[in-house]
Protein chains: 2
Amino acid sequence: MTKQQGDAARRPPGMTDVARAAGVSAQTVSRVLSGHPHVREQTRADVMAAVARLGYRRNNAARTLSSGRSRAIGVVTLRTTFYSRAAVTSGIESAAQAAGYTVSTATTSSLDTSAIEDALSRLTDQGVEGIILSVPLIHTSPRLEQLTRATPTLTIDGSRTGATEVVAVDQSLAARLATRHLLDLGHETVWHLAGPEQWLEAASRRDGWRATLEAAGRAVPPPLEGDWSPASGYRGGLVLGRIPDATAVFVASDEMAFGVVRALRESGRRVPEDVSVVGVDDIELAEYCAPPLTTVAQPFAQMGELAVAHLLRYIAAPETVPEPASVEPRLVVRASTAAPAAAVTG
Amino acid sequence: MTKQQGDAARRPPGMTDVARAAGVSAQTVSRVLSGHPHVREQTRADVMAAVARLGYRRNNAARTLSSGRSRAIGVVTLRTTFYSRAAVTSGIESAAQAAGYTVSTATTSSLDTSAIEDALSRLTDQGVEGIILSVPLIHTSPRLEQLTRATPTLTIDGSRTGATEVVAVDQSLAARLATRHLLDLGHETVWHLAGPEQWLEAASRRDGWRATLEAAGRAVPPPLEGDWSPASGYRGGLVLGRIPDATAVFVASDEMAFGVVRALRESGRRVPEDVSVVGVDDIELAEYCAPPLTTVAQPFAQMGELAVAHLLRYIAAPETVPEPASVEPRLVVRASTAAPAAAVTG
DNA sequence: CAACCCGTTGGCATCGATAACATTCTCTGC
DNA sequence: GCAGAGAATGTTATCGATGCCAACGGGTTG
């Protein structure tokens with residue numbers, strides 16, 4: 001910054017300008033603006049008037065520097081267009097905003113630990129007060145540990161990484177709900193199209209599915225694996241279409257389920273008459289699949305809000321390790337599931 | 001900040017600490033860190049070593065305050081889970097990141113001018129260098145004009161608001177592509193399920209559709225209106241299902257198109273044999289609709305990148321009003337469209 | 001009547017870095 | 001061997017707001 005005094009026109013007014021205009025000290029202006037109690041009503045009014053007249057706005061950088069608080073939180077996410085990401089993010093944004101915090105985003109396009117570390121470090125360098133890691137991390141690393149030590153960080157649906165994992169949907173329950181539903185309908189067993197192994201959610205769902213089958217004493221078919229895309233669901237569906245025994249499938253995401261359904265029909269198997277399909281997420285389109293998709297709804301927005309609430313508490317008391325919280329998924333039964341053709345109903 | 005000298009342990013190292021450790025002045029440290037040319041190789045190495053040893057990170061707030069540059073841009077979006085929003089945002093984020101900029105998000109849940117103004121002002125208060133307004137604004141306002149005067153702002157797909165609208169998909173072309181495709185297949189005319197009127201995109205598509213029909217000398221059926229949700233598409237589809245003449249529909253979004261398709265089928269009309277349907281967006285699931293949806297793809301990510309490129313140029317030269325750019329949509333033909341049953345083909 | 005309390009307000013140092021300016025050093029070329 | 005260009009580095013003022021402390025004035029209290 002230069003001491004450009006000649007052409008003073010273009011510099012936005014500072015607190016001193018306001019102070020001068022209101023006939024008080026800069027300190028008082030600061031008090032008024034931060035709602036400090038001990039300020040005479042008249043003074044406050046004068047200051048506010050001056051503020052309005054000059055169109056003054058507090059300089060955030062200066063505030064942050066001086067007070068040591070940035071009033072900003074950061075979010076690390078994967079750069080995808082998944083419904084879940086959008087929904088969680090929107091929950092985070094609305095909660096943060098309501099709490100007077102600003103949200104900065106750092107995205108990564110890969111799941112590499114180093115890529116995630118970079119994103120994290122971009123945020124800490126920016127001086128955010130806390131970070132929500134909304135990435136399906138599995139591995140931790142020294143650098144990551146170090147970064148999360150410096151800034152309160154919590155993880156949504158990743159595994160414990162030293163960054164305390166705090167908010168998560170009980171994925172195992174989600175899988176259980178889906179699998180049980182199919183078994184209850186009378187299916188002998190349930191096949192599974194899982195998500196990519198590196199994703200903790202995918203792993204939890206797979207485990208929950210397997211556990212449910214085992215608990216019921218059913219055979220556990222080998223799980224197939226997709227990459228969350230509808231295309232991968234389609235490929236999985238083509239395989240399932242060749243397996244006559246497969247009358248029920250639990251698909252790890254709605255998007256893949258769309259692909260599965262299409263593949264099954266192209267393979268000459270009707271849904272739900274020949275094969276029942278359950279997805280996970282309850283994306284808006286699930287109800288408009290043909291047939292409407294039975295699925296397990298996840299309270300994404302709520303997760304985002306919960307994460308922010310936890311994070312703010314964590315920021316306020318960094319020594320307190322936040323308690324993990326988990327939100328419950330909910331089964332939504334639609335038309336893609338039914339009793340198997342040959343089953344004895346009731 | 002207090003002069004807490006007793007327990008110096010917990011304060012992160014500053015530039016002075018690094019300078020001392022490296023045996024140079026703070027200024028030199030600054031030069032090294034910002035890649036200034038005139039620094040001896042040895043000195044640079046010493047500084048870097050000290051930086052590494054102390055685990056030093058530059059304080060962003062101080063940097064911003066002192067240099068007057070925040071290296072951050074802001075994005076205003078609607079708090080939705082639409083695919084388009086996610087896709088545009090992800091384009092913005094990746095481009096901004098590549099350019100060394102940070103992204104701050106301010107979302108609004110309503111289209112009120114005042115809600116948008118608030119979001120905008122949250123960003124300017126934060127000191128971002130530029131703003132991308134990715135909101136379907138139609139009206140402008142004095143406050144908005146003022147805010148956009150202070151910070152370089154450009155609009156994606158909103159209407160001109162004083163904030164120069166710069167990057168947009170040629171929606172009218174999108175509509176023309178879809179409508180022409182249906183006419184070319186031999187349909188007598190094309191019906192239209194539009195988006196909400198306040199959305200500029202919706203209006204442009206409607207206009208493009210109408211213009212195409214008029215240019216071809218066809219009757220222009222009254223347009224129906226939805227709210228982008230699949231549910232509203234479903235409602236529109238139920239109406240269309242009752243109209244025997246309706247053999248072709250241009251739906252303003254893929255999500256609504258899913259609803260339309262389902263409603264049509266429930267009304268006993270086959271797609272595409274009885275009714276052809278075209279959507280817009282080319283969401284990932286479009287290919288897995290039953291039948292796969294013909295649609296007009298929009299280059300969302302590219303829009304985001306283009307917007308950032310324009311914005312950065314605008315920031316660099318604020319007096320230059322950025323030239324509007326528009327990106328082209330592309331027709332993707334799938335199975336939801338076909339020649340009308342009775343039509344004489346070829 | 002002094003000691004004291006409390007609501008208000010101003011003075012001053014400070015946060016951590018950068019810009020402009022000053023200074024020292026190091027080579028050239030004549 | 002010395003002037004002078006230009007590289008390398010240090011000094012100082014500032015960016016805009018906040019925190020701590022002191023000061024002021026009127027009302028209590030012992």
Side-chain angles (χ1 to χ4, degrees), chain A residues 1-6 8 10-47 50-51 54-71 124-127 129, chain B residues 1-6 8 10-47 50-51 54-71 124-127 129:
Chain A
M1 277 289 130
T2 330
K3 40 181 157 183
Q4 45 158 160
Q5 21 207 358
R10 270 298 161 232
R11 227 203 8 349
M15 216 169 227
T16 0
D17 300 314
V18 176
R20 193 174 324 118
V24 297
S25 78
Q27 185 51 224
T28 300
V29 176
S30 171
R31 289 203 185 88
V32 170
L33 264 40
S34 21
H36 187 98
H38 303 311
V39 178
R40 210 186 326 157
E41 199 42 60
Q42 180 56 47
T43 313
R44 184 186 309 277
D46 291 350
V47 170
V51 164
L54 299 181
Y56 167 76
R57 327 230 51 164
R58 266 195 294 197
N59 179 313
N60 190 259
R63 235 151 103 67
T64 299
L65 176 60
S66 176
S67 70
R69 308 208 38 200
S70 64
R71 296 160 194 80
T124 56
D125 278 0
Q126 225 184 112
E129 291 181 26
Chain B
M1 278 288 128
T2 330
K3 39 182 158 181
Q4 45 157 161
Q5 21 206 355
R10 271 300 162 229
R11 227 201 15 338
M15 214 168 228
T16 5
D17 300 313
V18 176
R20 191 173 326 116
V24 298
S25 79
Q27 183 55 215
T28 301
V29 176
S30 172
R31 289 203 184 90
V32 170
L33 264 40
S34 25
H36 186 99
H38 302 310
V39 178
R40 209 188 327 158
E41 200 43 59
Q42 180 56 46
T43 312
R44 185 185 310 276
D46 292 349
V47 170
V51 164
L54 299 182
Y56 167 77
R57 328 230 50 164
R58 270 195 290 196
N59 178 314
N60 189 260
R63 237 152 102 64
T64 299
L65 176 60
S66 176
S67 69
R69 306 210 37 200
S70 64
R71 297 161 194 79
T124 56
D125 278 0
Q126 224 185 112
E129 291 181 26

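Since the structure is predicted, the reported quantities are computational estimates derived from the model, not experimental observations. Protein chains get the first letters and strands the later ones, always in sequence-line order, with residue 1 at the start of each.
Note: B:R57 CZ to A:D125 CG = 4.0 Å, rounded to the nearest 0.5 Å.
At whole-Å resolution of the value, CZ in B:R20 and P in C:dG16 are 12 Å apart. Atom C1' of nucleotide D:dA7 and atom NE2 of B:H36 are separated by 9 Å, given to the nearest angstrom. In this structure, the CZ atom of A:R40 is 17 Å from the P atom of D:dC24, given to the nearest Å. Residue B:E41 contributes atom CD, which lies 13 Å from atom C1' of D:dA8 at whole-angstrom precision. Regarding B:N59, its CG atom lies at a distance of 18 Å from the P atom of D:dC15, rounded to whole Å. Regarding A:H38, its NE2 atom lies at a distance of 15 Å from the P atom of C:dG10, rounded to whole Å. One atom, CG of A:L65, and another, P of D:dC15, lie 14 Å apart when rounded to the nearest Å. Taking atom CG on B:L33 and atom P on C:dA19, their separation rounds to 13 Å, with Å as the unit.
Side-chain proximity of A:Q27 to the nucleotides D:dG16, D:dG10, C:dG11 is greatest for C:dG11. Considering only side-chain atoms of B:M15, the nucleotide from D:dG10, C:dT18, D:dA17 that sits closest is C:dT18. Listed candidates were C:dG16, C:dA19, D:dT18. Nearest to the side chain of A:S30 is D:dT18. With C:dT9, D:dG16, C:dG16 as the choices, the nucleotide that has an atom nearest any side-chain atom of B:S66 turns out to be C:dG16.
Contact check, B:R31 against D:dT9: no side-chain N or O comes under 4.0 Å of OP1 or OP2. Look at B:R63 and you'll find a side-chain N or O under 4.0 angstrom from OP1 or OP2 of C:dT18. For A:T43, no side-chain nitrogen or oxygen approaches OP1 or OP2 of C:dT8 to under 4.0 Å. B:T28 has a side-chain polar atom (N or O) that falls below the 4.0 Å cut-off from OP1 or OP2 of D:dG10. Side-chain nitrogen and oxygen atoms of B:S25 include at least one within less than 4.0 Å of the OP1 or OP2 phosphate oxygen of D:dG10.
Side-chain N or O atoms of A:S34 include one that pairs as donor or acceptor with a backbone N or O of A:S30 at under 3.5 Å. Judged by distance alone, the side chain of A:T64 and the main-chain N or O of B:A61 form no donor-acceptor pair under 3.5 Å.
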Notebook entry, point to check: Can B:Q42 and B:D46 be said to form a side chain to side chain contact (heavy atoms under 4.5 Å, CB included), step by step?
Noted result: CA-CA 6 Å; B:Q42 180 56 46; B:D46 292 349; 2.8 Å; yes

| request: For B:M15 and B:L33, run side chain to side chain contact (heavy atoms under 4.5 Å, CB included): C-alpha distance rounded to whole Å, both residues' side-chain angles, the deciding distance at 0.1 Å, then the answer. | output: CA-CA 10 Å; B:M15 214 168 228; B:L33 264 40; 4.1 Å; yes

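As judged by a 4.0 angstrom heavy-atom cut-off over every strand, A:R58 is placed among residues touching the sugar-phosphate backbone only. Within 4.0 Å (heavy atoms only), A:V24 reaches sugar-phosphate atoms of the nucleic acid but no base atom.
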